[in-house]
Each structure stands twice: as structure tokens, then as C-alpha cells.
Amino acid sequence: MDLPSTSSQSTLQTIAVVGLGTMGTGIAEVLARAGREVIGIDISDTATRRATASLAAATARSVTRERLTEQEREGVLARFRTFTELTAAADADLVIEVVPENHELKQRLLRELDAIVRPDTILATGTNALSVTRLAAESQRPERVLGLHFFNPAPAMKLVEVASSVLTAPPAVEAVTALARELGKEPVSVGDRPGFVADGLLFGYLNQAAAMYESKYASREDIDAAMRLGCGLPMGPLALLDLIGVDTARTVLEAMYASSGDRLHAPAPILGHLAEAGLTGQKSGRGFYTYEEPGSSTIVRDAQTPLDGARLGEGRPVSSVGVAGSGTMASGIAQVFAQAGFAVVLAARSQEKADAAKAAIGKSLGRAVSKGRLTEEGAAQTLDRITPAGSLDAFADVDLAVEAVAEDLAVKQELFAAFDKICKPGAVLATTTSSLPVIACARATTRPQDVIGMHFFNPAPAMKLVEVVRTVLTSDDVHATVREICTKVRKHPVDCGDRAGFIVNALLFPYLNNAIKMVEQHYASLDDIDAAMKLGGGYPMGPFELLDVVGLDVSLAIEKVLHKEFRDPGLAPSPLLEHLVAAGCLGRKTGRGFREYARR
């Protein structure tokens, strides 16, 4: 059969959109604004009227904001026609179906379209969970069937995944890819597997977050705050599940698990429980959170909502802080405490290293002054509060001792044994570890009740999150003390238990590992995966950009800790990651990781 040839201008001018829910209406708007003749089809008269009203309202807003003229608006509205019969698609160059995610429904629709459309018409399924190959195989002309996955809301989201099956003819892919570019979208080419790239990575992460909440490891608010503040994500995972729809997420995960057999994709039981109870998220008015009304995004208080300003009990008085270490993290933490008015002792292995660390803080404060974030007087006062010391003996009178040394358990245990001997009775002893057991540090002392985790994020002066990690032996007043201190230094504390990865790394690194596995399996390129997660998931950096910044050796070490703790085969570090680390390709710091970087 002949398929449309591609050129600088797509030949796909008349396009039918079948299914006028939120996604179908959004796709229709994008197409009509781009000059295409759009045939909107839905069996429901109500849906067709709603879609027409939605386009009228959206274009009216654009006129008000001077993004469209009234004449242009009239043209957009004239190009959108709605029907309730599938036969209206007879003259379409492309049909995009976005009916509910049900194989039998989509199969029946494609079979009916086979009998209606021209032989050269391309049929695109909007699925992100079902097999494009299976749907294509049941068509009379499987070579013109492909996946075309827009993201919600379609007018705003730039990413479009173009999914080919082994049966899809290349000209069909080329024509649809050209169309996506003409719509102002960023198309990425993917193979046929549930979730494609963006959702394939996103839903595994969402599933783990749901399981973390279900295990009562952390509250829903703390899980969501941790991922927003620790990773720069626009929404926390549980709030995002409510937005997507708990039932939809469960369907996607079921399809992914059926395909991969990976336990990380096996839907967390809570997703099934919520879905079966009708608690599907924003659309029902209740999911992980409770909403003002069905369809509202406004969260309202419910039985699980923490009380405003609730105190955990009396903490210990803290006026002076000791920070052990001389690296970036130690200097950043010392700066945070000094800027908040605490007297700080910054201790390193030598006086020279301590002095150098204080000098680095001075430069950091100078940059803050140059950017108008701090006055020169404020910077000078902050620096004056920091006393560099070449020995831990200077910690004798501090109220809080914080270690920020190498991520090596033996080194940290030796340090905590020293804290035990030097620090006064009642001093709070904190570790900034991101992956080691806090209890192992605590047991190196004779006062494990005084030991707690305070996991700052790098760069400490800028990042708002602190993971507060209690062990089974940490006393209530130590926990209360650290929560109060976090507030005083203008950080957001989240509570979590003493297990590998805490909240952020336990959710982040399996996602990064799965991205590497996609490349290993030649499913998608580095650039397409990074683009998919930035454009489709709202991530500030793609996974491979982030891995090269964090350091591949650091990433591998965290992956190994997670795998050892949870014993899940899906958490085993990717062989590609291990090979790159063995070759000394550690990311930006060595000039080469997943990508190459110019040497400075």
C-alpha cells in the first residue's frame, strides 16, 4: 500500500480525533490551532458539546491575552467539526484514537475504522499501556498503525512519543513525526512496550512511592515534600497519582508488570484498594488526599492531615554547633547554621584544611552578596560566627555536633566514637549520611539515644530539604530538637526511618537505574530519554544529565546499598553503570560519563 510521503510540510491535513475527553479535546485544540481540519468524534453528544465549548473558551482566553486575533480565533473554531458517528472519519489522512484504556474497545474501534477510512490513512492509538503491536496485528493494514502518545494537558506539554511496532511502515512514522514538529511538539521515537519512555520510568517511581506510603515509612506530606524539594519536581508522587487517577495508574502498572515481570512494576496493593473503593484521586474528590469536590485540585484537611504548628515535645537548647569536615557539604552546612545566627565550630583534620573551608564559605557568601541575596554586613557577621579548628577537641562545648565526612561507615564510626568522648553530656550528635545506617553510627557511642540523621542536600545553602532520620534508639527530645533547628535554619524537615536511601534516594535511584537499563536494551537513546523526562515528566534534568552531575561512582554505591537492603532483583545496579565506573568514566568530574564534557 502507499503511505503519505514526507517533506518539509506534512501531508496530514485532515485529522480525526476519536474520543473527546480531556485528552482528545486538548489534541483537537492543538491541531486546529496549527491549521489542520479536525474531525472530532465521540458517541456522546454531551462530550462533543463540551469539547466545542472548551475550544471556544480556550481561544477566547488567547484573544484576551493577545496571542490570537479574533479573525484567527474564528478560523480555529471553523476548522473543528464534531460528529457522533465514526463514518465522519472517512476522509481523514490520520485518525488519532484516545478512547478509554481498554484493549477490546480499542480493538473494536480499529476494526471499524478499517472498513471506513482510505487505505493510506494512518491510524494512531493514544495508548500508553496497551500493546501497539497487538492492536496493529488485528488491523487489516498493520503497517499504517502506530502509537502517538500526547501528554496532558496536550496544548501545554511539548512531548509526543511516536511508538512503532515491528509491523509499522517507516513512512507512517516519518509523516506523524513531521506533523508533531509542525505542531510545535518535541517528538521522540520509541519502541512498543507499556509506558514507552516517560511513563515507563515515571510509573515505576510512582508505584514505589505508593508502596513507601503504604508501609507507613513516611507520611504522604513528607514523601511529596521530599521529592519536590529534594529533586526539584513540580509535584510529589502521591499528589501526581491523584492527578493522573489511581485507577489509571494501576492499569498502566498492570500492563507494565505483565510485560516486564519486574516486581517494581507490580502495582502496590494500596492502588487496588483505593481504585476498588472509588477513591481514584482528584476526579472522585478523594485518593491519597481529600479534595474540595470531585474534579477540584484543592486539597482539604482530613483525618491524616498534620496539625498546624504541632509540637513534638520539648527539645534541647542549642546555641552552638560543631560541623566536622572540610568538603563542600561540611562548608555548606556550616554556612547554613552561621547565617541563622548559631555560633559554629568548623573542624577539619588540620588547621589548614579548616581555614580553607572557612575561606570557601567566604567566597560563597561573596557570591550571595553580588547577587543581592545578602548584605555585606550580613556576610561579615556570618563569617565571624564561624571558628575554624584543626581538632575535634573544639567540640567540647557544642550543643549539636554534625558530621559531614566521607561516606565510609568505618570513618564515620571512628568519628562518632570521638564525639562520644569529647562532646558534653546532652549534646545532640548528627550524621549527614545519605545511604549508611544511622544506627551503626549510634552504636559507636555510649549514648545512642542522642544520635540522629540530618541528611542535607547539596548545595546545602540553596536546598530546602533535610531528611530527619530516627533510629529505634533515638530519644523523643533529640528528634524534637532537630525538627526545631531545621525550622530555625529555614529548612523543611521530613521524617523517615533508618533504612537505605531514606525517602529521596530510595525513590530516585531505582528510576535512574531503570533509565540506564532502557539504554542497555537499545530501547531509546540518551537524548530521547532525557528529553522525555524533562518535557513529559517536568523533571529539571534528564536522568543521564543528573547521573553525570551526581557522579557515576556515587550513584553505583547508592544502588548497591539499596539492592543489599531490599534484596529486590529489580534494584540490581545496571551492568552498564558498573562498566563505566570500572573504566573511570564517572561523569562531569572526570570529563566523561554517559556523555563527554570539555575539560576546564
query: Is it the case that more than 12 heavy atoms not belonging to Gln351 sit under 6.0 Å from its CD atom?
result: yes

message: For the CZ atom on Arg499, are there more than 12 heavy atoms of other groups (residues, nucleotides or ligands in this structure) within a distance under 6.0 Å?
response: yes

- request: With side chain to side chain donor-acceptor pair (under 3.5 Å) as the test, would you mind laying out the steps for Thr251 and Glu101 before giving the verdict?
  value: CA-CA 8 Å; Thr251 299; Glu101 202 75 337; over 6 Å; no

Which value, rounded to the nearest 0.5 Å, describes the distance between [X] atom [atom1] and [Y] atom [atom2]?
X      : Y      : atom1 : atom2 : result
Leu547 : Leu512 : CG    : CG    : 4.5 Å
Leu159 : Met533 : CG    : CE    : 9.5 Å
Met235 : Leu243 : CE    : CG    : 5.0 Å
Leu202 : Asn514 : CG    : CG    : 12.0 Å
Leu253 : Leu206 : CG    : CG    : 7.5 Å
Leu148 : Leu179 : CG    : CG    : 7.5 Å

- prompt: Any donor-acceptor pair under 3.5 Å linking the side chain of Tyr523 with the backbone of Gly191?
  reply: yes

Show me the side-chain donor-acceptor pairs of residues 578-587 shorter than 3.5 Å, one per line, residues at least two apart or across chains.
| residue | atom | partner | partner atom | Å |
| --- | --- | --- | --- | --- |
| His579 | ND1 | Pro575 | O | 3.4 |

Heavy-atom closest pair, residues [X] and [Y]:
X      : Y      : value
Arg443 : Leu473 : CD-CD1, 4.3 Å
His265 : Ser260 : ND1-OG, 2.8 Å
Val489 : Val336 : CB-CG1, 3.7 Å
Leu271 : Ala210 : CD2-CB, 4.1 Å
Gly325 : Ala348 : O-CB, 4.4 Å
Thr445 : Val451 : OG1-CG2, 4.1 Å

Just jot down the ring-ring contact (aromatic ring centres under 6.0 Å, His included) partners of [X], sequence neighbours excluded, or say none.
X      : value
Phe594 : Phe544
Tyr511 : Tyr539
Phe395 : Phe419
Tyr205 : none

Kindly write out the residues that satisfy side chain to side chain donor-acceptor pair (under 3.5 Å) with [X], not counting sequence neighbours, or none if the list is empty.
X      : value
Glu596 : none
Ser574 : Glu520
Thr177 : none

Taking side chain as C-beta onward, heavy atoms only, is [X] less than 4.5 Å from [Y]?
X      : Y      : value
Glu467 : Val504 : yes
Leu130 : Thr125 : no
Leu274 : Leu241 : no
Phe196 : Val132 : yes
Thr133 : Val145 : no
Val162 : Val188 : no
Met454 : Cys486 : yes
Ile452 : Val438 : no

SB check [X] [Y] (cutoff 4.0 Å):
X      : Y      : result
Lys589 : Asp553 : yes
Arg483 : Asp495 : yes
Lys534 : Glu545 : yes
Arg595 : Asp527 : yes

Give a yes-or-no answer on whether the side chains of [X] and [Y] include a donor-acceptor pair shorter than 3.5 Å.
X      : Y      : answer
Glu403 : Thr431 : yes
Thr382 : Gln339 : no
Thr471 : Thr474 : yes

task: Give the C-alpha distance, both sets of side-chain angles, the deciding distance and a yes or no for side chain to side chain contact (heavy atoms under 4.5 Å, CB included) between Phe150 and Met157.
output: CA-CA 8 Å; Phe150 287 78; Met157 299 295 280; over 6 Å; no

Please, which pairs that meet side-chain hydrogen bond (donor to acceptor under 3.5 Å, both in side chains) have at least one residue in [range], sequence neighbours excluded?
range            : result
residues 232-247 : Asp242-Tyr291, Asp247-Lys283
residues 212-241 : Tyr213-Gln304, Arg220-Asp302, Arg220-Thr305, Asp224-Tyr289
residues 155-173 : His149-Glu161, Ser165-Thr168

task: Report the C-alpha separation of Lys412 and Glu407 in whole Å, then their side-chain angles, then the decisive distance to 0.1 Å, and conclude whether the salt bridge (charged side-chain N to carboxylate O under 4.0 Å, His left out) test is met.
output: CA-CA 8 Å; Lys412 290 184 187 293; Glu407 196 74 343; 3.5 Å; yes

- prompt: Please walk me through it: do Val466 and His455 pass side chain to side chain contact (heavy atoms under 4.5 Å, CB included)?
  reply: CA-CA 5 Å; Val466 175; His455 180 213; 5.7 Å; no

- request: Quick one: do Val519 and Ile529 satisfy side chain to side chain contact (heavy atoms under 4.5 Å, CB included)? Show the steps, please.
  value: CA-CA 9 Å; Val519 170; Ile529 293 172; 3.7 Å; yes

Distance-only donor-acceptor pairs under 3.5 Å for side chains of residues 556-569, two or more places apart:
| residue | atom | partner | partner atom | Å |
| --- | --- | --- | --- | --- |
| Glu565 | OE2 | Ala500 | N | 3.2 |
| Arg567 | NE | Lys564 | O | 2.6 |
| Asp568 | OD1 | Gly570 | N | 2.9 |

message: Checking Val472 against Asp498 for the side chain to side chain contact (heavy atoms under 4.5 Å, CB included) test, could you report, in this order, the C-alpha distance in whole Å, the side-chain angles of both residues, the deciding distance, and whether it holds?
response: CA-CA 8 Å; Val472 292; Asp498 184 19; over 6 Å; no

